[in-house]
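Down below is the structure, laid out as structure tokens.
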Amino acid sequence: MVLPTGTVENGRLAVHGTRIAATAPENAQVIDVTDHYVIPGFVDLHNHGGGGASFTSGSVDDILKGIHTHRLHGTTTLVASTVTGDLDFLTRRAGLLSELAEQGEIAGVHFEGPFISPCRKGAHSEALLRDPHPADVRRLIDAARGRAKMVTLATELPGGLDSVRLLAEHGVIAAIGHTDATYEQTVEAIDAGATVATHLFNAMPPLGHRSPGPITALLEDDRITVELINDGTHLHPAALRLAFHHTGADRVAFITDAMDAAGFGDGRYWLGPLEVEVADGVARLVEDGTIAGSTLTLDRAFKRAVTVDGLSVEDTVKALSATPARLLGLDDTIGSLEPGKYADLLLLDSAYDLKGVMRRGEWVVGPQLG
């Protein structure tokens, strides 16, 4: 068992109802998981969909299908992310997603765009981008009815710093991303209250020795948690290790940035108003080949971190569970295996393949101990 204090050999874990219990209830069913890891469920801060379904444009049933797809891959807590769209459309989506958050299906809403730089727009429609005026930012977070968790914005744009301050005042994470900011502008945004780097390295100026840019500012400041997409496409393993070893597991949150094709397959999809071609598991815009989110699931991110990137199991668990849970303010109920917290747990075999998923005391994927 991977606990906050380290890995315990031959551990025992009791579940009673939806929670981890301090002692096993009478007549409890006993499951022998010898030669397996027991770790906390994964927490994904940044996810646009999966299973062929989009959180940005799908129906409620579509969204539930996407959520379930990621649960099958170990993500027991998920923040649903939107992409750039018309403000009226995004406010309607915020209302729909907030209802699912109130029902406990998702942990909240993340707005990625439209307040981003046209210079670093990635897979976002340039025609729909706009400056982050505080009134517009406030409109989106109000539409989410207290369920807005994070807004990604290019803080160098007009209104950016005031919007960061507004988000901080309302308890919403201000994330720096899709930005063309300088080092100095990024430092200003952090001082104003920004606390997250949206998919560090991607959609921002590269690190330069005379022009260090946002990457350096985001890595060096202990107030920033950096998102990393560990799919082998978005980041070279050396870049990931550079970030991870500079920040430590307490400041890294592995994310999927998944789009509809995650857990579904190759083919043509839509990401907001833009058409995407997925080939060999890599999503790119049809119009210009820009990477368009990922098809990643967090069980794959875990295995890659340990087997390719050389990270320890304990640090990888922290980056996939404890750190994002703390960032969301949910670490009193999720993110680690401790009595009183939700029984969100995963079974992995010795090859780090997922063999069981429990969410709130119920098996989503029953133990496959073979």
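At distances below 3.5 Å, not a single donor-acceptor pair connects side-chain atoms of S336 with backbone N or O atoms of E338. Side chain of H236 to main chain of A238: a donor-acceptor pair is present (N/O by atom type, distance under 3.5 Å, no hydrogens or angles). S54 places a side-chain N or O within 3.5 Å of a backbone atom of S57 that can act as its donor or acceptor partner. T323 contributes a side-chain N or O that, together with a main-chain N or O of A249, makes up a donor-acceptor pair within less than 3.5 Å. With hydrogens and angles ignored, the 3.5 Å screen pairs a side-chain donor or acceptor of S294 with a backbone N or O of T256. Judged by distance alone, the side chain of T76 and the main-chain N or O of R359 form no donor-acceptor pair under 3.5 Å. Although no hydrogens or angles enter the test, the distance criterion places a donor-acceptor pair under 3.5 Å between the side chain of T56 and the main chain of V83. Proximity of a side-chain donor or acceptor of K341 to a complementary backbone N or O of G335 within less than 3.5 Å is not detected.
Atom OG1 of residue T186 and atom CD1 of residue I176 lie 5.5 Å apart, to the nearest 0.5 angstrom. Here the straight-line distance linking atom CG of L347 with atom CG of D353 works out to 12.5 Å at 0.5 Å rounding. With values rounded to the nearest 0.5 angstrom, D344 atom CG is found 9.0 Å from S321 atom OG. Distance OG1/T333 to CZ/R360: 7.0 Å, rounded to 0.5 Å. The CZ atom of R300 sits 13.5 Å away from the CZ atom of F254 when rounded to the nearest 0.5 Å. To the nearest 0.5 Å, atom NZ of residue K318 and atom CD1 of residue I39 are 14.0 Å apart.
Looking at D222 and R251, their side chains come closer than 4.5 Å, going by heavy atoms from C-beta outward. Within the 4.5 Å cutoff, the side chain of L274 has no heavy atoms near those of the T290 side chain. Residues L369 and I31 meet the side-chain proximity criterion, which asks for heavy atoms closer than 4.5 Å. Side-chain contact between M358 and V15 is present, with heavy atoms from C-beta onward closer than 4.5 Å. Between I106 and F55, the closest side-chain pair of non-hydrogen atoms is not below 4.5 Å. Using a 4.5 Å heavy-atom cutoff, the side chains of D309 and F244 are not in contact. Between L100 and R147 there is no side-chain heavy-atom pair separated by less than 4.5 Å. Annotation: side chain of R138 is in contact with side chain of L166 (closest heavy-atom distance under 4.5 Å).
Heavy atoms of other residues, nucleotides or ligands lying less than 6.0 angstrom from CD of E362 number 12 at most. Residue R12 qualifies as open at atom CZ: its count of foreign heavy atoms under 6.0 Å is 12 or below. Counted within 6.0 Å of CG on D280, heavy atoms from surrounding residues, nucleotides or ligands total 12 or fewer; the atom is thus considered open. The 12-atom threshold is not exceeded at NE2 of H16, counting heavy atoms of other residues, nucleotides or ligands nearer than 6.0 Å.
Minimum interatomic distance between T69 and A262 (heavy atoms only, all atoms of both residues): CG2-O, 3.7 Å. Here the shortest heavy-atom pairing between L346 and G41 reads CG-CA, 3.8 Å. In terms of heavy atoms, L345 sits closest to L337 at CB-CD2, 4.0 Å. Here the closest heavy-atom approach between residue K121 and residue D288 is recorded as NZ-OD2, 4.4 Å. Across all non-hydrogen atoms, the minimal contact from G289 to R284 is O-NH1, 3.1 Å. Residue I116 comes nearest to H124 through the heavy atom pair CD1-CG, 3.5 Å, listed as atom of the first residue, atom of the second, then distance.
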Determine, stepwise, if the pair V79 / M150 fulfils side-chain contact (heavy atoms from CB on, under 4.5 Å). CA-CA 9 Å; V79 174; M150 183 161 65; 5.8 Å; no
Apply the test side-chain contact (heavy atoms from CB on, under 4.5 Å) to residues L200 and L235: give CA-CA distance (whole Å), side-chain angles for both, the deciding distance (0.1 Å), then the verdict. CA-CA 9 Å; L200 186 75; L235 296 174; over 6 Å; no
What do the steps show when you test L72 against V357 for side-chain contact (heavy atoms from CB on, under 4.5 Å), and what is the final call? CA-CA 7 Å; L72 294 176; V357 178; over 6 Å; no
Please test S59 against D61 for side-chain hydrogen bond (donor to acceptor under 3.5 Å, both in side chains), starting from the C-alpha separation and ending with a verdict. CA-CA 5 Å; S59 66; D61 285 344; 5.2 Å; no
Would you sort out whether D35 and D349 count as a side-chain contact (heavy atoms from CB on, under 4.5 Å), showing the intermediate values? CA-CA 7 Å; D35 297 328; D349 65 15; over 6 Å; no
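By the criterion of side-chain heavy atoms lying less than 4.5 angstrom apart, applied directly or through intervening Ile, Leu, Val, Met, Phe, Trp or Tyr residues, F42 is not grouped with I334; the two fall into different hydrophobic clusters. Under the 4.5 Å side-chain contact rule for hydrophobic residues, V33 and L354 do not share a cluster. Both L207 and V226 are assigned to one and the same hydrophobic cluster, defined by single-linkage of ILVMFWY side chains at heavy-atom distances under 4.5 Å. In the hydrophobic clustering of ILVMFWY residues, with side-chain heavy atoms under 4.5 Å counting as a link, L271 and L90 come out apart. Note on L128: it does not cluster hydrophobically with L87, by side-chain heavy-atom contacts below 4.5 Å among ILVMFWY residues.
The closest side-chain donor-acceptor pair between T155 and Q185, if any, does not fall under 3.5 angstrom. Side-chain contact check for D44 and H70: no donor-acceptor pair (N or O, by modelled atom type) lies under 3.5 Å. Side-chain polar atoms of T82 and R93 form no donor-acceptor pair below 3.5 angstrom.
Classification of D62 and K65 as a salt-bridged pair fails, no side-chain N sitting under 4.0 Å from a carboxylate O. Ion pairing between D191 and R223 holds under the 4.0 Å rule for side-chain N and carboxylate O. Ion pair D88/R139 flagged as a salt bridge, since at least one NZ, NE, NH1 or NH2 atom sits closer than 4.0 Å to an Asp/Glu carboxylate oxygen.
Ring pair F264/Y269 is perpendicular by interplanar angle, where above 60° counts as perpendicular and below 30° as parallel.
Stacking of R130 on the aromatic ring of F115 is not recorded, the 6.0 Å distance cut-off and the 45° axial limit not both being met.
Remark: of the listed residues H234, H110, H178, H48, H178 is the sole one forming a ring-ring contact (aromatic ring centres under 6.0 Å, His included) with H199. Just one of T179, N202, D180 meets the side chain to side chain donor-acceptor pair (under 3.5 Å) condition when paired with R120; it is D180.
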